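Please read the structure below before turning to the comments.
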Amino acid sequence: MPKLDISLCMIMKDEELHLERCLASIHHLVSEIIIADTGSHDESVSIARKFGAQVMHIPWEDDFAKARNIVMKQASCSWILVLDADEQADNWLLEELSTLLNTHDHNYGYFISLRSYVGEILDHNYVTDSVCRLFRNDKRITYCDRIHESVAPSIWEIPDANITNSQLRIKHFGYLQHELDRKDKGNRNLSIIQHSLQQQPDHLPLLYALGTEYYQLGNYEEAVKVLIPLLQQLPPHTGFTSDIYLKSAYALQMCKQLEQSERILLEGARLYPDFTDLLETYALLLVEQGRFSQSYEYLQKALSVGDVSIQYSSSSGSGTYRTHWIAGKVCEQMLLFEEALSHYEQSLEFRSNYVPTWKSIVPLCLLSNQCPRLLLITAKYHKSLNPDILMFLTPSALNSRSAPWIAQLRSYLPTEPATIIDTLLIQQHGNHQECCKRLEELLLTFPNHPMILSYLWAITYESEGPQAAIHWMNELIHLKSEMITLQLRLEDHFEYPLNQQTLEYCIQLLIQTGSWNTLLTLFRNSSPDIRWSILPQSTLAGLLQSPLAVQQQWCQIFSPQSHHSNNVQTNEGTRISYDISEWLYYASIAHNCGQTSEMNGRIEDALRLSSESIPLVALAYYKLQHVDPSHSSHIPKGSICWPLLFRSYIDI
């Protein structure tokens with residue numbers, strides 16, 4: 001393959017973790033590779049030479065621009081490409097690159113989209129920026145600024161010279177958290193910037209860089225002190241002014257200065273009406289203030305614009321999948337459930353492996369009696385069901401006791417969990433003996449498997465009693481020692497504490513195995529400890545699949561007839577004060593099993609004593625539905641009581 005008239009120019013130090021990936025992505029397209037090493041002690045130099053690079057050694061003087069200019073002087077090709085070792089060219093094609101090199105003579109450089117991954121790589125979250133990295137080899141073109149260096153200012157000083165946008169993209173891994181920690185980049189950058197500002201105290205790009213470093217380090221108070229004054233000094237068309245509005249507003253929110261943040265967001269939205277990150281940030285501020293309808297308007301504006309990563313420094317999903325997810329959460333708060341589902345489905349259209357969307361769409365489908373829709377969505381995106389998503393979907397399906405969905409997911413799982421699920425499907429059809437037999441056989445293949453032992457204990461306890469289950473508990477406590485407190489509590493030993501994590505695990509275990517009598521005993525003996533509303537919402541879907549007699553007993557334990565207040569009497573004579581979320585859980589089950597007459601007094605007490613607005617609206621709508629169902633015709637109907645759909649506030 002012919003190579004292009006391009007010199008790749010780089011600087012590096014101790015980059016053996018990244019360098020091979022970087023050079024492998026580009027070496028076949030460029031005619032020469034020139035790298036300045038500033039003092040590596042690892043295998044970086046050897047890796048560079050393996051790709052035919054010319055390696056020169058220079059001292060490091062805390063000046064990125066100076067180091068880059070030294071390398072560029074050695075370039076012999078007509079064009080220069082600059083990459084860092086922790087970057088890679090993202091599927092560049094020779095034909096596309098060749099076209100860029102042979103365009104109009106006034107094109108002196110190209111902006112390339114830099115996609116910097118943040119957090120952890122598995123999250124696939126990133127921020128974008130446009131950087132001039134491909135430009136003509138012209139002695140008038142040099143880098144300036146010791147850090148956050150750029151060649152663009154020198155190109156713009158050349159008469160009639162243009163910098164044109166391209167479709168090229170670079171992946172950057174240097175902002176991943178483990179890389180920031182490994183190189184201590186934040187403190188390194190601060191030191192360079194502060195030293196430079198001593199020489200150029202009014203240099204606006206350096207001040208922007210300083211505010212950005214404070215921002216990225218989470219020092220929002222210092223970021224505000226630096227960034228806010230810049231808004232008065234920079235014209236709107238400056239490349240980074242839009243980013244200053246965004247960072248300033250968010251930093252002010254983090255400092256709880258909401259009024260000033262809103263003022264800056266409104267001003268920024270007026271100057272940059274198509275900057276989706278800014279619109280989304282304002283929408284989230286409005287959510288925090290409970291102004292959901294206005295928030296939704298700004299989210300719709302952002303969605304109408306779409307992806308602006310070529311034009312602005314933007315974060316992944318802004319204007320597309322993340323904004324749709326936030327819009328769905330806001331719609332839930334406004335009781336617009338169908339609109340919420342539509343936003344979640346559109347979010348998956350843009351990014352089918354976005355975990356927050358899956359965690360929102362699943363409970364909404366389950367609790368609005370739309371399991372067939374959930375099956376269609378799962379089938380549509382089954383190739384995107386990575387281990388993180390399956391780790392959420394599988395227990396959700398088991399908790400909800402949705403046999404069709406369980407059977408569907410089973411085909412996407414590895415052998416081990418798939419075979420365990422096969423046995424649970426047998427259990428759900430009522431064949432306890434055959435299920436236990438299969439589980440015992442699985443123990444031969446997967447010895448000391450905690451889930452298999454847990455299922456064996458739960459099924460045996462339910463079908464044969466506590467004595468028969470002791471054998472499995474003795475095996476289980478070697479792996480999960482805290483489980484012994486569960487059996488003791490079931491046997492009326494109230495003095496043994498149960499932590500919330502163990503309770504949550506046990507309740508899901510008992511629902512998944514249909515161990516209803518054991519579940520009721522646990523609830524009866526552990527009322528002060530159990531908070532149903534903080535369990536995964538799929539547990540409610542599962543409870544609503546239990547026999548009506550079980551649901552009725554559950555309601556009696558929750559709210560004894562002798563107490564018409566917001567409290568419950570426990571076995572030990574103390575009272576539990578349930579919050580509004582617990583009453584929503586109760587309302588769902590009581591409605592489903594026909595306990596409405598007993599429930600109405602409890603609901604009125606809950607309404608009277610609560611000050612939480614959204615759950616209050618839920619319960620008020622519930623009462624309205626019983627007075628005149630025509631007033632709530634937009635509420636999803638099914639076998640459940642819908643208010644639990646919005647029992648909690650937005651988690652964004």
Side-chain angles (χ1 to χ4, degrees), residues 1-60 63-102 109-117 121 126 131-138 141-143 149 151 166-176 178-179 182-183 185:
M1 178 185 293
K3 297 189 176 184
L4 299 173
D5 189 16
I6 300 176
S7 299
L8 173 62
C9 295
M10 301 175 61
I11 57 176
M12 71 175 185
K13 179 182 178 181
D14 293 334
E15 293 287 1
E16 65 180 5
L17 295 178
H18 303 288
L19 185 60
E20 184 158 0
R21 177 182 58 204
C22 172
L23 296 178
S25 73
I26 197 65
H27 78 101
H28 57 289
L29 298 175
V30 300
S31 294
E32 67 179 357
I33 302 173
I34 307 169
I35 301 179
D37 182 76
T38 61
S40 293
H41 296 90
D42 61 4
E43 295 301 313
S44 296
V45 173
S46 297
I47 295 170
R49 286 176 175 154
K50 185 175 71 172
F51 285 89
Q54 305 171 40
V55 180
M56 55 192 298
H57 299 275
I58 64 172
W60 176 243
D63 192 329
F64 283 94
K66 183 177 182 179
R68 293 201 191 281
N69 291 333
I70 290 173
V71 183
M72 285 163 48
K73 287 180 180 178
Q74 309 302 314
S76 63
C77 295
S78 301
W79 288 81
I80 290 175
L81 171 67
V82 173
L83 290 177
D84 284 332
D86 55 9
E87 299 172 346
Q88 72 177 86
D90 187 8
N91 296 316
W92 290 10
L93 301 177
L94 184 143
E95 295 78 9
E96 180 182 13
L97 203 52
S98 178
T99 300
L100 295 178
L101 303 187
N102 293 287
Y110 288 97
F111 283 117
I112 298 173
S113 177
L114 180 68
R115 177 178 288 186
S116 298
Y117 290 91
I121 189 61
Y126 56 84
V131 292
C132 184
R133 295 291 196 83
L134 179 63
F135 46 87
R136 293 185 184 275
N137 189 355
D138 185 312
I141 299 176
T142 59
Y143 273 93
E149 64 284 4
V151 295
S166 76
Q167 297 300 314
L168 298 175
R169 191 165 61 199
I170 296 171
K171 292 182 177 180
H172 175 218
F173 304 97
Y175 286 163
L176 291 169
H178 65 270
E179 281 297 298
R182 183 173 74 90
K183 294 184 177 181
K185 282 189 176 181

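In this text, all values refer to a predicted model and were calculated from it rather than measured experimentally.
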For this session: Apply side chain to side chain contact (heavy atoms under 4.5 Å, CB included) to Trp92 and Ile112, showing your working.
Result: CA-CA 11 Å; Trp92 290 10; Ile112 298 173; 3.9 Å; yes
How long is the gap from [atom1] on [X] to [atom2] on [Y], to the nearest 0.5 Å?
{"X": "Leu93", "Y": "Gln167", "atom1": "CG", "atom2": "CD", "answer": "12.0 Å"}
{"X": "Leu134", "Y": "Leu101", "atom1": "CG", "atom2": "CG", "answer": "6.0 Å"}
{"X": "Asn69", "Y": "Ile141", "atom1": "CG", "atom2": "CD1", "answer": "11.0 Å"}
{"X": "Leu29", "Y": "Leu8", "atom1": "CG", "atom2": "CG", "answer": "10.5 Å"}
{"X": "Met72", "Y": "Thr142", "atom1": "CE", "atom2": "OG1", "answer": "6.5 Å"}
{"X": "Leu97", "Y": "Leu4", "atom1": "CG", "atom2": "CG", "answer": "5.0 Å"}

Result block: side-chain N/O donor-acceptor pairs under 3.5 angstrom for residues 76-85, not counting sequence neighbours:
{"residue": "Ser76", "atom": "OG", "partner": "Glu32", "partner atom": "OE1", "Å": "3.1"}
{"residue": "Ser76", "atom": "OG", "partner": "Glu32", "partner atom": "OE2", "Å": "2.9"}
{"residue": "Ser78", "atom": "OG", "partner": "Asp5", "partner atom": "OD2", "Å": "2.4"}
{"residue": "Asp84", "atom": "OD1", "partner": "Arg68", "partner atom": "NH1", "Å": "3.3"}
{"residue": "Asp84", "atom": "OD1", "partner": "Arg68", "partner atom": "NH2", "Å": "2.7"}
{"residue": "Asp84", "atom": "OD2", "partner": "Arg68", "partner atom": "NH2", "Å": "3.3"}

For this session: Mind running side chain to side chain contact (heavy atoms under 4.5 Å, CB included) on Val30 and Lys3 for me, showing each step along the way?
Result: CA-CA 5 Å; Val30 300; Lys3 297 189 176 184; 6.0 Å; no
For this session: For Ile26 and Ile6, run side chain to side chain contact (heavy atoms under 4.5 Å, CB included): C-alpha distance rounded to whole Å, both residues' side-chain angles, the deciding distance at 0.1 Å, then the answer.
Result: CA-CA 11 Å; Ile26 197 65; Ile6 300 176; over 6 Å; no
Mind listing the closest non-hydrogen atom pair of [X] and [Y] along with its distance?
{"X": "Val151", "Y": "Cys132", "answer": "CG2-O, 3.7 Å"}
{"X": "Lys66", "Y": "Asp63", "answer": "N-OD1, 3.0 Å"}
{"X": "His172", "Y": "Leu114", "answer": "CB-CD1, 3.8 Å"}
{"X": "Phe111", "Y": "Ser166", "answer": "O-OG, 2.8 Å"}

Problem set entry | Within 6.0 Å of CD in Glu96, more than 12 heavy atoms from elsewhere | yes
Seminar exercise, completed: Residues passing the ring-ring contact (aromatic ring centres under 6.0 Å, His included) test with Tyr143, sequence neighbours excluded, are none
Listed pairs under 3.5 Å, donor-acceptor, residues 33-48 side chains, sequence neighbours left out:
{"residue": "Asp37", "atom": "OD1", "partner": "Ser40", "partner atom": "OG", "Å": "2.4"}
{"residue": "Asp37", "atom": "OD2", "partner": "Gly39", "partner atom": "N", "Å": "3.1"}
{"residue": "Asp37", "atom": "OD2", "partner": "Ser40", "partner atom": "N", "Å": "2.9"}
{"residue": "Thr38", "atom": "OG1", "partner": "Met12", "partner atom": "O", "Å": "3.3"}
{"residue": "Ser40", "atom": "OG", "partner": "Asp14", "partner atom": "N", "Å": "2.7"}
{"residue": "His41", "atom": "ND1", "partner": "Gly39", "partner atom": "O", "Å": "3.2"}
{"residue": "Asp42", "atom": "OD1", "partner": "Ser44", "partner atom": "N", "Å": "3.0"}
{"residue": "Asp42", "atom": "OD1", "partner": "Ser44", "partner atom": "OG", "Å": "2.7"}
{"residue": "Asp42", "atom": "OD2", "partner": "Glu15", "partner atom": "N", "Å": "3.2"}
{"residue": "Asp42", "atom": "OD2", "partner": "Glu16", "partner atom": "N", "Å": "3.1"}
{"residue": "Asp42", "atom": "OD2", "partner": "Ser44", "partner atom": "OG", "Å": "3.3"}
{"residue": "Ser44", "atom": "OG", "partner": "Glu15", "partner atom": "N", "Å": "2.7"}
{"residue": "Ser44", "atom": "OG", "partner": "Glu16", "partner atom": "N", "Å": "3.2"}

Exercise. Where does the angle between the aromatic ring planes of Tyr126 and Tyr117 fall among parallel (under 30°), tilted (30 to 60°) and perpendicular (over 60°)?
Worked result: perpendicular
For this session: Apply the test side chain to side chain contact (heavy atoms under 4.5 Å, CB included) to residues Arg133 and Glu87: give CA-CA distance (whole Å), side-chain angles for both, the deciding distance (0.1 Å), then the verdict.
Result: CA-CA 12 Å; Arg133 295 291 196 83; Glu87 299 172 346; 2.8 Å; yes
